[in-house]
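What you see below is based on every heavy atom in this structure, not just the backbone, and it leaves out hydrogens, waters and symmetry mates. Note that ligands are numbered from 1 as they come in the structure, with each ligand's atoms numbered from 1 the same way.
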Amino acid sequence: MISQICIVIKGPTIEKAIKQLEIASRTCSLVELRLDYFEEIDLESIRNLLQQFPIPMIFTLRSTSQGGNYRGSEDKRLEKIKELATLKPEYLDLEYDNPLTFKDLKIIRSYHDFEKMPSLDETLQKMTNGDIYKMAFMLHSNEEALVLLQFMKDHRNVLAMGMGPYGETTRILAPLFGAKFVYASIDPETSTAPGQVNVEELSKIYHFQDLNEATKIFGLIGKPVDKSLGHLAHNAVMHHLNSVYLKFQVPENHLKGFMAQVKRANFGGLSVTMPLKELIIPYLDEIDPWAKKVGAVNTLVFVKGKIKGYNTDGKGALDAIEAKIKVRGKKLLFIGAGGASKAIIAEAIARGAQVTLLNRDAQKALELSEKMGCSGGSLEQISEEYEKGYDLLINATSVPDPIDSKWILPNSGVMDINTRNIDTPFLLNAKEKNCSIIYGYEMFIAQAVEQIELWFGKSDGIKEIIQKAVLRAIYG
Ligand code: ATR
């Protein structure tokens with residue numbers, strides 16, 4: 001039973017509403033009947049629902065002009081609301097400018113803006129005659145999401161939520177900012193607002209029932225972040241530590257605003273991905289010498305208001321590699337000269353490997369190899385490298401099949417750094433050639449363990465927990 005979730009019941013028939021209520025009443029302790037989605041609003045049937053399901057209910061009859069689904073006239077709507085009020089629901093949801101008032105009922109006053117987040121103070125001033133002031137706004141950044149959450153924390157009668165993809169942050173983090181409850185759908189089909197998260201995701205991934213105002217926030221920043229398995233890996237560990245991990249989409253031009261809000265909230269750390277690994281450096285109070293040498297940061301640790309930056313990419317990759325192949329004195333052939341190669345090559349060289357770097361854009365390969373102190377050249381030189389031989393071939397590009405499989409040396413090691421690549425022609429061919437495969441998810445797991453250790457210190461069993469969550473996500 002999850003007390004902070006309010007499940008939204010949409011019908012549209014009474015029979016369907018009964019089915020939804022059967023599930024909802026087993027899962028949470030508050031529901032909202034979105035009567036504007038019901039095909040018919042028959043008072044007797046609704047009374048029966050109240051009797052059949054002794055769970056507190058919110059009644060909502062929202063017009064299309066307010067983003068709801070009630071298509072009758074405004075007069076009819078107000079009449080219907082008066083009738084519904086006689087059934088004495090736990091709460092009645094009325095728009096902030098709805099002229100009706102009820103003395104003997106608790107009222108949620110709602111303000112929606114489906115385009116933007118308006119001035120919060122001005123909006124709240126417009127809202128009167130309510131027990132709860134519900135503010136639902138379309139958000140355009142995670143900075144706005146954190147501002148909205150902070151506003152809710154500072155105004156205890158406000159229930160704030162974001163809409164749109166950035167709204168997810170406000171839904172998941174709501175209990176950390178004093179929300180009375182959060183609206184959620186049973187499944188994606190019964191969602192009533194963009195950004196609404198379904199109950200299963202909230203409870204199984206984010207352990208929503210355990211979140212509270214002391215929970216520490218962690219997360220991934222960058223863009224894109226949607227494909228990342230970070231939330232699955234980290235929350236598997238973090239829910240034992242009163243912490244939660246979210247994916248925050250933060251494009252380059254949102255970084256400044258986001259970091260300003262992060263400082264005001266209860267953050268413990270962040271993972272950093274493309275395109276922010278270098279851009280984040282000016283926001284640090286301190287940088288670990290290794291991250292400074294690599295010139296990129298993928299982990300932030302927040303301690304007493306100070307931010308320290310680390311880089312666990314290379315260490316994670318090399319730990320995954322060295323679980324199978326010791327690299328000292330071995331020849332490693334990297335394909336790809338993007339941001340990801342840099343940290344892995346630096347760590348490989350530090351562990352005594354001999355590195356060659358090939359890239360489609362030869363100039364980029366030459367620049368990076370000179371910086372790293374290894375040899376480099378055009379991808380066309382792959383035939384020569386094949387003739388010379390190598391111990392480990394690493395796909396560090398963003399594409400699954402960057403080279404013709406004929407250049408995979410039988411019995412060598414083959415690695416793909418992309419977390420989700422498992423059955424690409426490149427890897428399947430390598431398997432057929434009896435190569436020892438290092439999957440991207442093995443590197444991902446190793447670097448996630450590194451991050452957890454930076455945030456919480458070393459502890460037994462972390463790798464097993466993360467591994468289980470990641471393998472489940474990849475192999476089902
Ligand atoms: P970054 O990591 O710097 O953001 P990216 O666009 O993600 O860069 O690309 C990462 C690597 O994948 C680069 O080395 C890129 O090669 P180029 O420098 O020649 O662009 C490589 N890459 C992308 N698409 C590729 C392809 N179709 N074939 C081979 N390499 C490719």
| query | Quick one: ring pair (Phe, Tyr, Trp, His ring centres under 6.0 Å) pairs with a partner in residues 358-390, sequence neighbours left out? | reply |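 Qualifying pairs: Y386-W407.
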| request: With sequence neighbours excluded, give me every ring pair (Phe, Tyr, Trp, His ring centres under 6.0 Å) pair touching residues 319-355. | output: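 Pairs touching residues 319-355 that pass the test: none.
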| request: Run the salt-bridge test on E450 and K463 with the 4.0 Å N-O cut-off and return the result as yes or no. | output: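 So E450 does not pair with K463 through a salt bridge.
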| Any luck finding a side-chain donor-acceptor pair between Y133 and T123 under 3.5 Å? |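 Short answer, no.
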| Within residues 192-201 or reaching into it, pairs that qualify as salt bridge (Lys or Arg N to Asp or Glu O under 4.0 Å) - sequence neighbours excluded |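 Only E200-K204 qualify under salt bridge (Lys or Arg N to Asp or Glu O under 4.0 Å).
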| Aromatic ring proximity F258/F248, centre distance under 6.0 Å |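 Under 6.0 Å, so yes.
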| query | Exactly which residues line ligand 1, taking a heavy atom under 4.0 Å from it as the test? | reply |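 Its neighbours under 4.0 Å (heavy atoms only) are M274, G336, A337, G338, G339, N359, R360, D361, K364, T397, S398, V399, given by chain and number.
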